[in-house]
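Here is the structure we will look at, set down as structure tokens.
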Amino acid sequence: MINYVSRNGAVVVENERGDQLAGRETLSSIGGEWDHLLKNRAESRDIGLFKISVTESGGASGRADDTLFDRAREIVKHGLGDRSFAFAVTARADGSGFDIDGVAVLRNSGGERLTADDKAAAIVQGRMDATESIESAAFRFAGHGNGTDYGTTQVRALVAMHRGSVQDEKGRAMTDAKQAGDLVQLEWRDQLHSRKPRDVMHLILSARAGTDTAAFQNAARDFLGEQFTGHRYVFSMHDAGSDPKAEATGGKRPHVHVHAIIAMRSDAGGRVETSIPAFRQWRLVMAEKARAHGITMEMTDRRDRASAPAYSKNQVRPVNMIGRTRHEGTSAAADRRYEAKRADFPSRAATARSQAYEHRAHEEWRGTKSDMDRGAQHDFIRSQMVRLEEPSVAAERRTMASGETTDSSSQSRTYLVKLAELVFEGDDMRHMTRPEFEAYEKRVETALFQAEKIMPPQERKDFEEIAQAAREHVNVRREIVELIEERSTAKDPDQLSHGPGSNTPHDDKQRWDAVVARHGLAATDEANTVLLDIERTREAIERVTAERPDDVSALRKELGAHISKAAELAISGNAIVREVAEIDQDLKAVLQALERDRQKILQEKTTPRAHSTEAATTGRGTPHGEQVQATPDNGEDPRQHGVMETASEIEGGDTTKKDPVKQKVSRLEELQREADERNQRDKGDRQQ
């Protein structure tokens, strides 16, 4: 375990004395120091396999199956007492008696546990010998094991071996593996009191992405020192910047976290308590230490927000370990549990004690809400109160809590508008770091979840398509963020793309200064941003083509959007982008197509078919290379159509535009363009 958390000695490990340990040889000595604390105690024996050979003068031949099972059940109960068991009976061919094969819980209702050895077998044999109704029976244990997994395996094997002819101590038949599994998992589990003693504990402390690593390490050190005083322990910190393990194999997690290996027994003989109240206390102390080091952290009970229960490592399997690990359920039920937790579905407590806790939490939310002015926090508190209400009440109020309306159709449209705003919030990715993207992705998923809850049934199919498109959009943005992170180690992302002669930071700075002096800071910064977006998207396409071909289409649309933006920037007068278009064939093709369209618009606006007012306006001409935006008849924002149209032009070569008569340009914009064109011509004359 220490080798794992230290990445085989590559990551520094600190012990309870504050010593910094590194290297496999140094770390290997920890086992010797802890040896007196490692008892290696045996597991509890929970399940026993038994066999009984019964000989009776009347024999078993001629008995009905039910009668034979009843007789065998009576004999087993005399020997095992009130323990739970499952058994099968096989009559001997010579009619001398029958044999019983069974699986039993070794602990009875009074707490007595048989050890499933020769001594325990002698005890059971003595009980059977003392029973007058049993003529002759020989009992022995054939094996033992620990836990429900072992019990389930053995009962299923018994059912398979005897072709479904198995019964339990109550006379209930088990004919298949499902019934056998349910018997152990649902009925025997609480009777086992299974124990797997552990000598060491692996504890993980984590914080959200972007948390200051030094502050979190100090907080973890203080927490371990206070909570586990007198115990031996070591800990190491993993963060994306220093973790030597590759991201594709589970390393470089986006969130900072600390691994701690703790000896369960102290030098004084005390043991670490591992109960639910103890875990809660640990979380309270950890949050307190984090706040003391400037980290905003609170201990939140699942019942405070009616959050869905957690899923175990056995219920999911990882499918992608890059960034935040993505999982899938190992069964349909496990997958539902995983999705409920990831989507933050509300889940009410089942026990009376926890329901009382939730009621108190609801009242605390109510008191906080009454003391707060309306705003984002006020709305958040109101949504938490709805989650904690009874399902019938919450169903009636959920819509009102979200938007103060009971019209589900109108409310669903409101959520879709919010969803669109959230999705396109990520369009300017050069300002979004990995932690910001994680928060953005969570907001989109929350919006999808909220919209789905109140979506009318007749609109469900359309909503699923919208949700799929939104997630695809987010996935494309994830690719861009990952690419930016990869490129940031190679060169400064704020620098303009350079030619082959630029090899040093000094050369880069000189080139940047020269471009700024020639074209101005604003124009240079605009060109730098859009050209880098094109370069990063192209590299993302190359990277995912072999690994995830299905994602290429979305990235090509992304590339089309960036090229369209660059072409429009060039038309608006950016000379830097025009220079790049001379060597970038894709950009050049889109730029030429846009220029042809603008020229066509100018020509058609001067024809007699145009309205007199439009002719008077457009007759003045639009300068070459300027952008003209169309306003659709339906009043929609033309910017929502420009990206898709340009992407279509790149892929299919279609440069068809809408009716140019419907395209309007304000007089103020024309005057500004004319001034810009004159300035450009004057600048060109001076350079010549």
Side-chain angles (χ1 to χ4, degrees), residues 1-46 145-147 149-150 193-207 213-214 216-239 242-245 249-251 253 255-290 293 312-314:
M1 294 175 69
I2 293 176
N3 283 336
Y4 169 74
V5 302
S6 69
R7 299 293 192 242
N8 292 317
V11 175
V12 173
V13 169
E14 183 175 327
N15 64 16
E16 74 281 357
R17 300 186 298 271
D19 300 331
Q20 304 286 321
L21 310 175
R24 296 197 62 172
E25 293 184 1
T26 303
L27 295 176
S28 64
S29 64
I30 296 176
E33 295 178 5
W34 292 17
D35 186 63
H36 65 290
L37 303 173
L38 310 182
K39 304 285 288 188
N40 295 316
R41 295 182 297 166
E43 301 174 340
S44 60
R45 298 184 180 186
D46 303 322
N146 173 271
D149 290 343
Y150 177 82
H193 291 260
S194 183
R195 183 186 70 250
K196 286 187 176 182
R198 60 181 65 185
D199 296 323
V200 295
M201 174 176 58
H202 181 193
L203 181 66
I204 300 177
L205 312 172
S206 62
T213 55
F216 186 71
Q217 186 174 28
N218 291 333
R221 181 183 294 109
D222 292 349
F223 162 76
L224 294 170
E226 177 174 323
Q227 196 66 57
F228 302 104
T229 302
H231 288 262
R232 305 288 183 99
Y233 61 82
V234 295
F235 69 95
S236 62
M237 188 178 71
H238 294 177
D239 68 281
S242 61
D243 191 351
K245 190 174 183 179
T249 57
R253 301 288 83 192
H255 59 281
V256 59
H257 57 283
V258 166
H259 292 267
I261 308 299
I262 305 164
M264 296 293 290
R265 193 160 65 96
S266 69
D267 289 328
R271 286 188 62 83
V272 175
E273 179 186 353
T274 54
S275 62
I276 299 299
F279 296 155
R280 180 183 176 88
Q281 176 63 25
W282 295 359
R283 296 171 66 200
L284 283 169
V285 174
M286 181 61 210
E288 176 187 336
K289 299 302 181 184
H293 287 276
S312 70
K313 63 183 180 63
N314 294 327

Q) Taking the six-membered ring for Trp, are the ring centroids of Trp34 and Tyr233 within less than 6.0 Å of each other? A)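 No; Tyr233 has its ring centre 6.0 Å or more from that of Trp34.
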For the [atom1] atom of [X] and the [atom2] atom of [Y], what is their distance to the nearest 0.5 Å?
X      : Y      : atom1 : atom2 : value
Arg45  : Ser194 : CZ    : OG    : 13.5 Å
Ile262 : Leu37  : CD1   : CG    : 13.0 Å
Ile2   : Ser236 : CD1   : OG    : 9.5 Å
Leu284 : Met286 : CG    : CE    : 12.5 Å
Asn15  : Leu224 : CG    : CG    : 11.5 Å
Arg198 : Arg271 : CZ    : CZ    : 9.5 Å

Can you give me the closest heavy-atom contact between [X] and [Y], atom names plus distance?
X      : Y      : value
Gly251 : Asp243 : CA-OD2, 3.6 Å
Val258 : Phe216 : CG2-CE2, 3.8 Å
Val272 : Phe228 : CG1-CE2, 4.0 Å
Gly230 : Ser266 : O-CB, 3.3 Å
His231 : Gly270 : CE1-O, 3.6 Å
Phe223 : Val285 : CD1-CG1, 3.7 Å

| query | Does anything in residues 274-287 pair up under salt bridge (Lys or Arg N to Asp or Glu O under 4.0 Å), and if so which pairs, sequence neighbours excluded? | reply |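 Qualifying pairs, neighbours excluded: Arg280-Asp301.
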Exercise for review: Mark yes or no for whether Arg265, through its side chain, and His36, through its backbone, hold a donor-acceptor pair below 3.5 Å.
Suggested key: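 Yes, the answer is positive, given that a donor and an acceptor are paired below the 3.5 Å cut-off.
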Do side-chain atoms of His259 reach the backbone of Ile204 as a donor and acceptor pair under 3.5 angstrom? no
Please tell me if the side chains of Leu203 and Phe235 come closer than 4.5 Å, counting only heavy atoms from C-beta onward.
-> no
| Are Asp239 and Arg253 within salt-bridge range, i.e. N to O under 4.0 Å? |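 Salt bridge: no.
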Lys/Arg-Asp/Glu bridge criterion (N-O < 4.0 Å) met for Arg17, Asp19
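Salt bridge present between Arg17 and Asp19.
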Is there a side chain to side chain contact (heavy atoms under 4.5 Å, CB included) between Met264 and Thr274? Walk through the geometry before answering.
CA-CA 10 Å; Met264 296 293 290; Thr274 54; 3.8 Å; yes
### Query
Under the side-chain contact (heavy atoms from CB on, under 4.5 Å) test, which residues partner Met1, sequence neighbours left out?
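Once residues adjacent in sequence are excluded, the partners of Met1 under the side-chain contact (heavy atoms from CB on, under 4.5 Å) criterion are Val200, His202, Ile261.
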Residues at least two apart in sequence or cross-chain that pass side-chain contact (heavy atoms from CB on, under 4.5 Å) with Asp222, listed by chain then number, are Lys289, His293
| query | Is the count of non-hydrogen atoms from other residues, nucleotides or ligands lying under 6.0 Å from Gln20 atom CD greater than 12? | reply | yes
### Query
Are Arg7 and Tyr4 in a cation-pi setup, meaning NZ or CZ lies under 6.0 angstrom from the ring centre and within 45 degrees of the ring axis?
yes
Assess whether side chain to side chain contact (heavy atoms under 4.5 Å, CB included) is satisfied between Arg232 and Asp267, documenting all intermediate values. CA-CA 8 Å; Arg232 305 288 183 99; Asp267 289 328; 3.2 Å; yes
Between Asn146 and Asp46, is any side-chain donor less than 3.5 angstrom from a side-chain acceptor?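 Per modelled atom types, Asn146 and Asp46 side chains form a pair under 3.5 Å.
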Paired with Arg221, the salt bridge (Lys or Arg N to Asp or Glu O under 4.0 Å) test is passed by just one of Glu14, Glu226, Glu16, namely Glu14
